[in-house]
Novice: 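Before I ask anything, let me first share the structure, which is written out below as structure tokens.
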Amino acid sequence: MTKEQIDQLININASRIAPEYIEAIRQKLEGADEGAAQAAFAGLKSGGVMTLIAWLVGSLGIDRFMLGDTTLGIIKLITCGGCGIWSLIDIFTASGRTRKYNAQKILEQI
């Protein structure tokens, strides 16, 4: 991919990627073909939607399951969201966890 294509792809999706991963993603994209890069960015999750899910059904651990944290999702389900405390914390951290999840998925797929 060209530098311009990489910059455009990252700028379009910057709000869905954790900032600390952007440079690593940029470096991996330099050696990738365009189709693989587009596919890696295709299934990104929205931090806002994940925050809403954490707010609505967070005590069931669904937000954790959706981000691949199966063990923590089960624990959260069994404890009813840590008696509500864990669910409340996850409402405020869901967006950041989603951006980190997206960045890690991109790095795995490229």
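When a residue number appears, it is its place in the shown sequence, counting from 1. No experiment lies behind these values; they were computed from the predicted model shown.
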Novice: Would you call F65 and L60 a side-chain contact if the rule is heavy atoms closer than 4.5 Å?
Specialist: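 Of all side-chain heavy-atom pairs linking L60 with F65, none is under 4.5 Å.
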Novice: Does Y21 share a hydrophobic cluster with I110, counting links as ILVMFWY side-chain heavy atoms below 4.5 Å and allowing steps through other members?
Specialist: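 Linked within one cluster.
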Novice: If you measure from CD1 on I10 to CZ on R26, what distance do you get to the nearest 0.5 Å?
Specialist: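 The CZ atom of R26 is 4.0 Å from CD1 of I10, to the nearest 0.5 Å.
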Novice: Is any side-chain heavy atom of M50 less than 4.5 Å from a side-chain heavy atom of M66?
Specialist: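 Side chain of M50 against side chain of M66, heavy atoms only: contact under 4.5 Å found.
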Novice: Show the nearest heavy-atom pair for residues A103 and I17, with the distance to one decimal.
Specialist: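 Closest heavy-atom pair between A103 and I17: CB-CG2, 3.7 Å.
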Novice: Are any of the side-chain nitrogens in K76 or D63 under 4.0 Å away from the carboxylate oxygens of its partner?
Specialist: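 Salt bridge present between K76 and D63.
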Novice: At what distance, to the nearest 0.5 angstrom, does SG of C80 lie from CD1 of I85?
Specialist: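 Reported value, rounded in 0.5 Å steps: 12.5 Å.
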Novice: Let me check something: do W86 and W55 share a hydrophobic cluster, defined by ILVMFWY side-chain heavy atoms less than 4.5 Å apart, either directly or through other members?
Specialist: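 In one cluster with W86: W55, no.
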Novice: Do the non-hydrogen side-chain atoms of L44 and F41 ever get within less than 4.5 Å of each other?
Specialist: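 They are in contact (side-chain heavy atoms under 4.5 Å apart), so the answer is yes.
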Novice: Could you grab the distance from atom CZ of R97 to atom CG of L72, nearest 0.5 Å is fine?
Specialist: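 So the gap between those two atoms works out to 9.0 Å.
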Novice: Can you tell me how far apart CD (Q109) and NZ (K28) are? Round to the nearest 0.5 Å.
Specialist: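 Spacing of CD (Q109) from NZ (K28) equals 10.5 Å.
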Novice: Determine whether L29 and I25 make a side-chain contact, defined as any pair of heavy atoms from C-beta on separated by less than 4.5 Å.
Specialist: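 Counting from C-beta outward, L29 and I25 do come under 4.5 Å.
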Novice: Hey, does D90 have a side-chain heavy atom less than 4.5 Å from the side chain of R64?
Specialist: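 Yes. Closest side-chain heavy atoms under 4.5 Å.
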Novice: Atom CZ in R99, atom CG in N13: separation rounded to 0.5 Å?
Specialist: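 With rounding to 0.5 Å, CZ (R99) is 13.5 Å from CG (N13).
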Novice: Look at atom NZ of K100 and say whether more than 12 heavy atoms of other residues, nucleotides or ligands are closer to it than 6.0 Å.
Specialist: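 Result for NZ/K100: open.
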Novice: Check whether any side-chain heavy atom of K45 sits under 4.5 Å from a side-chain heavy atom of L67, and report yes or no.
Specialist: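 Yes. Closest side-chain heavy atoms under 4.5 Å.
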Novice: Applying the 4.5 Å side-chain criterion to the ILVMFWY set and letting contacts propagate, would I53 and I89 be lumped into a single cluster?
Specialist: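 No, no single cluster joins them.
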Novice: Would you give the length of the straight line joining atom CG of D69 to atom CD1 of I74, rounded to the nearest 0.5 angstrom?
Specialist: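 Reported to 0.5 Å precision, the distance equals 11.0 Å.
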Novice: Answer whether the closest heavy-atom distance between the side chains of L9 and Q38 falls below 4.5 Å.
Specialist: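 Of all side-chain heavy-atom pairs linking Q38 with L9, at least one is under 4.5 Å.
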Novice: Counting heavy atoms not belonging to Q5, are there more than 12 under 6.0 Å from its CD?
Specialist: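 Count over threshold, so yes.
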Novice: I need the minimum non-hydrogen distance between S87 and S59, along with the two atoms involved.
Specialist: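 Where S87 meets S59 most closely, the heavy atoms are OG-CA, 3.2 Å.
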Novice: Heavy-atom count around I12 CD1 within 6.0 Å, excluding the residue itself: above 12?
Specialist: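 Yes, enclosed.
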Novice: Are Y101 and L107 connected in a single hydrophobic cluster, I mean Ile/Leu/Val/Met/Phe/Trp/Tyr linked by side-chain heavy atoms less than 4.5 Å apart?
Specialist: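 No, it is not one cluster - the side chains of L107 and Y101 are not joined through contacts under 4.5 Å.
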